[in-house]
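Order of listing sets the numbers, starting from 1, for every ligand and every atom in it. We count residues from 1, following the sequence as given.
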Amino acid sequence: MDPALLQRTAEIAAEYFASLPERRVGADASLDELRSALRVDLDDAPQPARRVVEELVAAVEPGLITTQSPRYYGFVIGGGVDAAIAADWLTSVWDQNAGGFAVAPSAAVAEEVACEWLLDVLGLPGDAGVGLTTGCQMAHFTALAAARHRLLADAGWDVEADGLFGAPPVRVFVGARAHTTVFAALRMLGLGSGRVELVEADDQGRMRATDLARRLAAGTGPAIVVAQIGEVNTGAIDDMPAITQLCREHGAWCHVDGAFGLWAAASPALRGLVDGVAEADSWATDAHKWLNVPYDCGVAIVRDRASLTAAMNPFAGAEYIPQPQHDERDPSEWVPEFSRRARGFPVYAALRELGRRGLAELVERCCACARLMGEELARDPRATVLNDVVLNQVLVRFAPDGTNITDRVVAAVQREGTCWMSGTKWDGEPAMRISVCNWRTTEHDIRRSASAILEQVTRSATVPRALTERPARR
Ligand SMILES: Cc1ncc(COP(=O)(O)O)c(C=O)c1O
């Protein structure tokens with residue numbers, strides 16, 4: 001590797017980070033512009049690596065959304081803490097195939113330790129099985145594969161060998177406000193997204209335990225209940241003590257989508273919000289959200305570790321793979337992938353850099369910033385905050401004179417560039433969702449963003465719609 005290119009890459013990265021405080025948050029290039037910048041003729045001859053990198057940077061720069069910005073509130077996206085970003089660079093440099101201990105002993109042990117720490121900070125059973133996946137969708141897939149294994153094995157069915165043809169049906173109960181990735185995972189597992197029973201949700205998106213009780217009691221046989229800690233729009237948290245109790249009574253497997261909300265357990269001040277969550281059977285969360293590890297890293301956690309390894313079991317019949325000699329961890333025993341990136345390094349680094357206290361403060365600061373954003377916006381009579389801001393999510397609607405102009409405001413804010421967030425629909429009507437998930441966000445950023453948003457409310461309310469929209473693309 002050319003040391004001068006490494007140096008140049010570090011300079012580019014440093015310039016990017018230095019630009020964060022004032023850098024425009026949204027992208028500044030159209031689809032056509034990005035295509036024409038990137039769609040160059042592929043050369044027959046090799047090109048100098050430095051030129052390739054410089055040209056790549058120039059081409060993509062205008063299309064980058066500054067998700068590392070302290071004023072990026074889109075979807076649910078964390079920034080990266082310093083040690084995690086540095087460790088992530090080195091993960092590429094070391095290029096370990098973290099599939100097995102035999103090919104990547106340091107990666108396997110760093111992951112082993114990082115997984116122990118994750119269970120510790122999240123307050124989950126210390127002997128649970130943990131796998132590091134690409135994201136929460138694959139964490140759902142992984143944990144629900146373990147659920148499928150256990151429930152069907154208990155019913156006398158070997159799903160890994162025989163598939164689902166002729167298997168006892170598995171009932172699946174999912175809250176009406178469950179995240180779309182839960183349904184994707186169920187589809188991929190052959191459990192189907194269409195045959196799920198949707199459990200009623202309340203006005204914040206929490207599953208109604210009374211409706212779950214009624215539905216569970218209406219049938220028999222293997223059952224999975226998917227609860228949620230952190231609804232993607234409101235941050236609402238399901239009633240975990242009631243749900244886990246019902247699951248126990250009915251012998252159902254309780255899986256928790258805690259993509260971001262599970263991190264509340266890392267804060268002594270917020271832990272009470274997720275009371276009862278540790279009683280579940282499996283959990284899915286993301287390190288690339290609130291732990292502020294760069295993409296990508298999800299976490300699948302399963303209380304009964306044997307169910308997880310039975311469901312994954314990647315090395316069965318692979319004679320060329322060395323068998324474990326002692327109790328070493330083969331990372332791919334815990335996830336769907338065989339070969340894979342050593343995600344344990346950045347997770348390890350983030351947890352060490354933050355420490356238990358730093359992590360708790362990060363989560364609490366984001367929640368405080370979300371509350372402040374809600375208060376700043378709610379002071380304006382044109383804004384209605386639609387959710388109880390229990391975590392880091394704010395859901396707001398703008399309707400001066402009774403006309404909902406939220407979609408125009410979202411587009412105008414994205415265009416203006418001080419901050420960035422996305423829109424959604426709540427009760428069938430457009431709403432703006434603001435997610436505070438980045439360790440860099442301060443109260444100052446929140447106040448600045450709130451006034452930028454309100455300025456766009458004024459402009460969107462007074463300027464005719466046609467003038468607030470981008471010209472049609474050619
Ligand atoms: C509640 C919830 N579940 C699951 C996911 C999916 O996570 P990922 O994008 O890491 O697959 C998200 C993403 O925002 C989420 O908010």
S.K.: Can you tell me if F75 has a non-hydrogen atom under 4.0 Å from ligand 1?
M.R.: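 Outside the 4.0 Å threshold, so no.
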S.K.: Considering heavy atoms of the protein only, find what lies nearest to atom 3 (N) of ligand 1 and give residue, atom and distance to 0.1 Å.
M.R.: D257 OD2, 2.7 Å
S.K.: Select one of side chain, backbone, both or neither to describe which atoms of H288 lie under 4.0 Å from any atom of ligand 1, heavy atoms only.
M.R.: side chain
S.K.: Between V232 and ligand 1, is there a nitrogen or oxygen pair with a distance under 3.5 Å?
M.R.: no
S.K.: Find all atoms of ligand 1 within a distance of less than 4.0 Å from any non-hydrogen atom belonging to T181, and give their numbers and elements.
M.R.: 3 (N), 4 (C), 5 (C), 6 (C)
S.K.: For residues T181 and H179, is any side-chain donor paired with an opposing acceptor at under 3.5 Å?
M.R.: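 Yes, side-chain donor-acceptor contact under 3.5 Å.
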S.K.: Please say whether H140 places an N or O atom under 3.5 Å from an N or O atom belonging to ligand 1.
M.R.: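 There is no such contact.
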S.K.: Are R440 and D445 within salt-bridge range, i.e. N to O under 4.0 Å?
M.R.: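 Judged by the 4.0 Å cut-off on N to carboxylate O distance, R440 and D445 do not form a salt bridge.
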S.K.: Quick check on contacts: which atoms of ligand 1 are under 4.0 angstrom from a heavy atom of F260?
M.R.: 16 (O)
S.K.: Mark yes or no: R340 above the aromatic ring of W334, with NZ or CZ under 6.0 Å from the six-membered ring centre and no more than 45 degrees from the axis.
M.R.: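 No cation-pi geometry.
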S.K.: Using a strict 4.0 Å cut-off to heavy atoms of A259, name the atoms of ligand 1 that fall inside it.
M.R.: 1 (C), 2 (C), 3 (N), 4 (C), 5 (C), 12 (C), 15 (C)
S.K.: Within less than 4.0 angstrom of ligand 1, does G298 place any heavy atom?
M.R.: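 False for this residue.
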S.K.: Is the closest basic N to carboxylate O distance between R341 and D88 below 4.0 Å?
M.R.: yes
S.K.: Taking the six-membered ring for Trp, are F345 and W89 closer than 6.0 Å centroid to centroid?
M.R.: no
S.K.: Below 4.0 angstrom from a heavy atom of D286, which ligand 1 atoms are there? Numbered from 1 as shown, please.
M.R.: 7 (O), 8 (P), 10 (O)
S.K.: Any idea which atoms of ligand 1 are less than 4.0 Å away from a heavy-atom of G135?
M.R.: 10 (O), 11 (O)
S.K.: Out of all atoms in ligand 1, which are within 4.0 Å of some heavy atom of G230? Include the element for each.
M.R.: 1 (C)
S.K.: For atom 8 (P) of ligand 1, what's the nearest protein heavy atom and its distance?
M.R.: C136 N, 3.4 Å
S.K.: Does the R171 side chain pair with the main chain of V225, one donor and one acceptor, at a distance under 3.5 Å?
M.R.: no
S.K.: Donor-acceptor pair, distance only, cut-off 3.5 Å: does the side chain of D238 make one with the backbone of Q228?
M.R.: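 Flag set: sc D238 to bb Q228 pair under 3.5 Å.
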S.K.: If we set the cut-off at 4.0 Å for heavy atoms, which region of K289 has an atom near ligand 1: side chain, backbone, both, or neither?
M.R.: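 K289 to ligand 1: side-chain contact only, backbone stays beyond 4.0 Å.
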S.K.: Does a donor on one side chain and an acceptor on the other come within less than 3.5 Å for S460 and R408?
M.R.: no
S.K.: Heavy atoms only, cut-off 4.0 Å: how does Q137 contact ligand 1, side chain, backbone, both, or neither?
M.R.: both
S.K.: Taking only Lys NZ, Arg NE, NH1 and NH2, and the carboxylate oxygens of Asp or Glu, determine whether D239 and R206 approach each other closer than 4.0 Å.
M.R.: no
S.K.: Does D211 use its side chain to pair, donor to acceptor, with the backbone of E200 at less than 3.5 Å?
M.R.: yes
